Every structure is written in structure tokens, then in C-alpha cells.
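All figures in this text were calculated on a predicted structure; none of them were measured in a lab.
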Amino acid sequence: MCGRTACTLAPDEVSRACSYRNRGGRRRQPRWRDGDADKYRPSYNKSPQSMSPVLVSQRHFDKSAPVDECVLASMRWGLIPAWFKENDPSKMQYSTSNCRSENILEKKSYKDPLLKGQRCVIMADGFYEWRRNGKEKQPFFIYFAQKKGPSQEKIEDQHDLMSPTCIKESSEMREFSSGLSEESEAPAEWTGWRLLTMAGVFDCWTPPGGGEPLYTYSVITVNASSNLQSIHDRMPAILDGEEEVGRWLDFGEVKSLDAIKLLQSKDILTFHPVSSFVNNSRNNSPECLRPVDLNSRKELKATASSKMMMSWLSSSSPSKRKEPDTNETKEEQDHNAKTQCKPVGRLQLWLQGANKKPRTK
């Protein structure tokens, strides 16, 4: 199953992280649907009913769009079928946050959108899962193992990975960030945090009494891979790489029965335990993702991937990733302010360069 995710990137970062090559081999950066970037809120702790970034084929909204053009949309987690008759979507009497791949063609709620080609890819830093141990449940954060790019390797030759102080932007990072212009038709390949790409189906529901259409989605799940079975018996269906993502979204060329073949258990994810702080969906801070030692309950010695994650979260501009939580206490606000200067890592160095110029979108 998948009942909680994290997506901490700012809207423009999500767009860059979703860049892809079209059929002509040209790298493209998907734009957000009009107004949808404002509907999305970065979060360390997303639960059903929240809005998440979803990648879909542009042809769902524009029949004349190129067959291989993608667009980002903000959709509500928890599918509301187009045929739902109530005026209030909260009156759904069963959960649709997940749908099992094995019976996706047996339940009307999922079968209808699937056969219409309404396939989507849910973007996230990763997802949380809980392992039961008697009456207790231990949360884990699960994500793609992260790889470093050439520019980050150069920087690591000059700086220790876990330097104890924050550093100023280097000339190398200024040069690197200049290649990431959002106005470029062929943007540089994203070398930041690799987002998890989860297969899903979506639908568009309009209140019977009239009103704005609501786009919602469900995450498709499969049997857990061998390395995740000790945590839970289910996992999201992961699309590994641009080719699989492209095939899942190409509802014109790839028919539903062929697309379903992509929904396989894949032993390609890594994970680490986190504290029970994440159990409360109202908690929304980097503490949700911080590795812990299950024996001592102290902070766990970081792996290469978790170092990258924590460096990402401790960037110089965390406000771009998380809207201020009005429910935070003064103590929490003071704690968050103190954590803005963290040990330097590959992604922090990248962000200090990329965030130098103010963003307009």
C-alpha cells in the first residue's frame, strides 16, 4: 500500500526534475497546467486528499498536442470516479488512494479511467511505509537510490562531503546553474534529487450541481519487492526510467493491456527507518525524513543516499520547499530556523548555485 508520501521540491524544481526526451531525442521540460503550480504545496508529509504533482500526457487536455508532450498537473490524492453522484467528494464510502494492479480491470472505479487511457505518473521524493512489530509500527522512508552527476563529483574533490559549516556558492556552481534556464527549450539534464515515479490512474469529477472539475488519482500497487517484504507486503508500482514513464503515459500507442505489463515488482528502491514523528500527518518538517537508529533511537549514521537527501533538505532556501505551517509552535519555529544551516553535501552545493537568482515561477 502507499498512504503517505513526501514531495519537497518547489514547483519549478519539479518541472526540471521531470524533464524528458521526446521522440525526436530533444530534451523537454514539462510546463504546469495553468494555475496548477499554485495548487501544489511542497510537503515532507503528504497524506490522501492532499494535492500532488502528477505527470500526464498533454493530449488529455489538448487534443491537438503532440503525441509525446507531457504536462504537470496538481491532482487530489484519492480517486473520485466521474460517475460519483454526491456533491461532496468526502462522502466517498471507501478508500481509493490505492488500487491493486491485480484487479484494476475488475473494479469500475479504476477500470473506466484505465480503458480511457487516463494513466498518470505520481511524482514524489519517496513514500513512507510502516512495519508492524506486535502492537508497534516502525515507519520507513523509501526512495530511489541517488546517484551523483559529474558537476557534483568535481565539487566533492574540493569539499568534504560532510563539512561542518555552510559554504558560499562556488564559481563552478554559478556556471552549472546558468545551464538550467527555465526558458530554455532544451534544459540541462536534472542532476538533483531523483524523484520517485509511481504509476497511477486519474479521473475528472464534476459536482452534479455544477462547479469546477476536480482531478483525482489513485496510486497503483503491486506485491512488494524482495528487499521491501520485511516492511510490508505491498508497494507502489514503480516506473523505472524515462522509457517506462513514456510508455505508461502514451495512451495512444500503448494500449491498456500492454501498459499493465509495466506494473511489476522491482527491486530498485532503498530505504531507512525514520522516527514516529511522521505518524502524525500534521507534522511537516525535515524531521519526518531524518534517519534513526532502531537500537538507540538516535540519529543513524548516514548512507550515501540519505546524506544526499538530508543535504537537499538543508538547502539554503528551505522556504521554497515548504509553506510556513501556521500551526507551528514558537519552539518549532525556532528549531526549524536553526536547522537551515546544515552539513554540506552534493545537493546542497548544487542548490546554493541554482537558487542564487530569484525565481519568478
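Taking 4.0 Å as the cut-off between side-chain N and carboxylate O, Lys137 and Glu129 do not count as a salt-bridged pair. Residues Asp258 and Lys261 are paired through a salt bridge, judged by an N-O separation under 4.0 Å between the basic side chain and the carboxylate. With respect to Arg131 and Glu136, no salt bridge is recorded, no charged nitrogen being found less than 4.0 Å from a carboxylate O.
For the pair Glu13 (side chain) and Ala10 (backbone), a donor-acceptor distance under 3.5 Å is present. A donor-acceptor pair under 3.5 Å is formed between the side chain of Lys255 and the backbone N or O of Gly252. Remark: the backbone N or O of Thr8 is paired with a side-chain donor or acceptor of Asp125 at under 3.5 angstrom. Within the 3.5 Å criterion, the main-chain N or O of Phe144 finds a donor-acceptor partner in the side chain of Gln146. Arg4 places a side-chain N or O within 3.5 Å of a backbone atom of Val278 that can act as its donor or acceptor partner. Formation of a donor-acceptor pair under 3.5 Å by the Gln118 side chain with backbone atoms of Val201 is not found in this model. Judged by distance alone, the side chain of Asn283 and the main-chain N or O of Phe277 form a donor-acceptor pair under 3.5 Å. Put simply, the side chain of Arg27 gets close to the backbone of Ser19: a donor and an acceptor are under 3.5 Å apart. At distances below 3.5 Å, not a single donor-acceptor pair connects side-chain atoms of His272 with backbone N or O atoms of Arg290.
A side-chain donor-acceptor contact under 3.5 Å links Asn279 and Trp130. Arg234 and Thr221 are linked by a side-chain donor-acceptor pair at a separation below 3.5 angstrom, with hydrogens and angles left out of the test. Checked by atom type, the side-chain pair Asn45/Ser43 shows no donor-acceptor distance below 3.5 Å. Judged by distance alone, the side chains of Ser265 and Asn223 never bring a donor and an acceptor atom under 3.5 Å apart.
Side-chain contact check for Pro30 versus Leu55: some heavy-atom pair is nearer than 4.5 Å. Considering only heavy atoms from C-beta on, Arg26 stays 4.5 Å or farther from Arg21 through its side chain. By the 4.5 Å heavy-atom criterion applied to side chains, Thr216 and Trp205 are not counted as neighbours. With a 4.5 Å cut-off on side-chain heavy atoms, Pro273 and Gln138 count as touching. Contact annotation: the side chain of Ser225 never approaches that of Lys266 to less than 4.5 Å [non-hydrogen atoms, C-beta and beyond].
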Distance-only check: which donor-acceptor pairs under 3.5 Å involve side-chain atoms of residues 65-81, not counting sequence neighbours?
unit_1	atom_1	unit_2	atom_2	d
Asp68	OD2	Arg23	N	2.8
Ser74	OG	Asp36	O	2.7
Ser74	OG	Tyr40	N	3.4
Trp77	NE1	Ser97	O	3.0

Exercise for the section: Decide yes or no on side chain to side chain contact (heavy atoms under 4.5 Å, CB included) for Phe141 and Cys288, but give the supporting numbers first. Expected result: CA-CA 9 Å; Phe141 186 60; Cys288 294; over 6 Å; no

Practice task
Decide side chain to side chain contact (heavy atoms under 4.5 Å, CB included) for Thr5 and Tyr128; before the verdict, give the C-alpha distance in whole Å, the side-chain angles of both, and the deciding distance to 0.1 Å.
Solution key: CA-CA 6 Å; Thr5 66; Tyr128 299 98; 5.8 Å; no

Exercise for the section: Please lay out, stage by stage, how Trp32 and Asp38 fare under the test side chain to side chain contact (heavy atoms under 4.5 Å, CB included). Expected result: CA-CA 10 Å; Trp32 285 85; Asp38 295 331; over 6 Å; no

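Between Ser101 and Leu263, the closest heavy-atom pair is CB-CD1, 4.0 Å. In plain terms, the two heavy atoms of Leu269 and Phe127 that are nearest each other are CD1-CE2, 4.0 Å. Considering every non-hydrogen atom in both Val54 and Cys120, the closest pair reads CG1-CB, 3.3 Å. In terms of heavy-atom proximity, Ser275 sits nearest to Glu287 at OG-O, 4.2 Å. Heavy-atom minimum distance, Met51 versus Lys46: O-NZ, 2.6 Å. Minimum interatomic distance between Phe251 and Ser57 (heavy atoms only, all atoms of both residues): CE2-OG, 3.7 Å.
Taken from CZ in Arg28 to SG in Cys18, the straight-line distance is 14.5 Å, to the nearest 0.5 Å. Between atom OH of residue Tyr143 and atom CD1 of residue Ile238 there is a gap of 14.0 Å, rounded to the nearest 0.5 Å. Taking CZ from Arg59 and CG from Asp250, the interatomic distance works out to 8.5 Å, rounded to the nearest 0.5 Å. We find the CD1-OG1 distance between Ile122 and Thr197 to be 10.0 Å, quoted to the nearest 0.5 Å. To the nearest 0.5 angstrom, Asp12 atom CG is 16.0 Å from Arg31 atom CZ. How far CD1 of Ile260 is from CD1 of Ile220: 8.0 Å, rounded to the nearest 0.5 Å.
When hydrophobic clusters are built by joining Ile, Leu, Val, Met, Phe, Trp and Tyr residues whose side-chain heavy atoms come closer than 4.5 Å, directly or via intermediates, Leu262 is grouped together with Leu115. One hydrophobic cluster, built from ILVMFWY side chains closer than 4.5 Å, cannot hold both Ile104 and Tyr94; they sit in different ones. Under the 4.5 Å side-chain heavy-atom criterion for Ile, Leu, Val, Met, Phe, Trp and Tyr, Trp83 and Tyr217 are members of distinct hydrophobic clusters. In terms of hydrophobic clustering, with Ile, Leu, Val, Met, Phe, Trp and Tyr side chains grouped at heavy-atom distances under 4.5 Å, Leu228 and Val222 are assigned to a common cluster.
When each of Leu239, Val56, Leu195, Leu196 is checked for a side-chain contact (heavy atoms from CB on, under 4.5 Å) with Val121, only Leu239 meets the rule.
Sequence neighbours left out, not one pair with a member in residues 100-125 passes ring pair (Phe, Tyr, Trp, His ring centres under 6.0 Å). Judged as a salt bridge (Lys or Arg N to Asp or Glu O under 4.0 Å), the pairs with a partner in residues 104-114 (not counting sequence neighbours) are, in order, Lys108-Asp112.
Surrounding CD of Glu102 are more than 12 heavy atoms belonging to other residues, nucleotides or ligands, all under 6.0 Å away. Atom CG of Asn133 is surrounded by 12 or fewer heavy atoms from other residues, nucleotides or ligands within 6.0 Å.
Both tests hold for Arg119 against Trp248: distance to the six-membered ring centre under 6.0 Å, angle to the ring axis within 45°.
In this structure, Phe61 has its ring center closer than 6.0 angstrom to the ring center of Tyr215. Note: Phe140 and His232 fail the aromatic proximity criterion, with ring centroids not under 6.0 Å apart.
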